[in-house]
Amino acid sequence: MWRAILLGFSVVETLFPDRIIAWGERRAFENPNAGELHTWTVPMARLEGVLFAWLAFRERDSAPSVGPALAILGVPALLAPERFVRTALELAYRNPDDLELKPWVVPATRAIGLCYVVLGTVAGRVSAPGEDSRSE
């Protein structure tokens, strides 16, 4: 089921990155039309969609684990969510100081960081149901 969700999101993000960005802006900013994206933001969003598709299709045993990378990404979001959000805005927008975040964005960033750290830490340590019975 997770693979299908990840694949569905990756297809939408790859095909329509500008719509995904606009959707996020409407939810995260008090002034969603004020943002001026860098020229690389939409292609990077599309690349992210391609990477999600790769994750959905990869074989667990043949590809490196993404758990450590997920955990590493989650640490700054968990420990310094304001700086994490500021850095993300600076990377994506030419005018990050003009954007007004809604009050829930920074606490949500901390919560997502915690989820990344937990998921990244336990990734690969939990066996899939029935996996142990096949190896015997």
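- The list of salt bridge (charged side-chain N to carboxylate O under 4.0 Å, His left out) pairs with a residue in residues 23-44, not counting sequence neighbours, is empty.
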- Task: Please test E48 against E13 for side-chain contact (heavy atoms from CB on, under 4.5 Å), starting from the C-alpha separation and ending with a verdict.
- Result: CA-CA 8 Å; E48 183 181 58; E13 187 174 26; 2.4 Å; yes
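- Under the salt bridge (charged side-chain N to carboxylate O under 4.0 Å, His left out) criterion, the residue pairs touching residues 86-95 are R83-E90, R86-D97, with sequence neighbours excluded.
- Taking CZ of R46 as the start and CD1 of I21 as the end, the distance is 9.5 Å to the nearest 0.5 Å.
- Take V50 and apply the side-chain contact (heavy atoms from CB on, under 4.5 Å) test, not counting sequence neighbours, and it matches T14.
- Taking the side-chain contact (heavy atoms from CB on, under 4.5 Å) definition, one finds that A53 meets it with L7, S10, sequence neighbours left out.
- Within the structure, ring-ring contact (aromatic ring centres under 6.0 Å, His included) pairs that include any residue of residues 33-53 comprise F9-F52, H38-W40 (at least two apart or interchain).
- When the side chains of ILVMFWY residues are joined at heavy-atom separations under 4.5 Å, either directly or via intervening members, V12 and W23 end up in two distinct hydrophobic clusters.
- With sequence neighbours excluded, the residues satisfying side-chain hydrogen bond (donor to acceptor under 3.5 Å, both in side chains) with D98 are N95.
- Pairs of residues two or more places apart, or lying in two chains, that qualify as ring-ring contact (aromatic ring centres under 6.0 Å, His included) and include a residue from residues 70-120 are F29-Y93.
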Enumerate, atom names and distances included, each donor-acceptor pair closer than 3.5 Å involving a side-chain atom of residues 106-115, sequence neighbours excluded.
residue: T109; atom: OG1; partner: V105; partner atom: O; Å: 2.8
residue: R110; atom: NH1; partner: L78; partner atom: O; Å: 2.7

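- By the 4.5 Å heavy-atom criterion applied to side chains, L101 and L89 are counted as neighbours.
- The two residues T41 and L91 come nearest to each other via the heavy atoms OG1-O, 4.2 Å.
- Under the 4.5 Å side-chain heavy-atom criterion for Ile, Leu, Val, Met, Phe, Trp and Tyr, V42 and L47 are members of distinct hydrophobic clusters.
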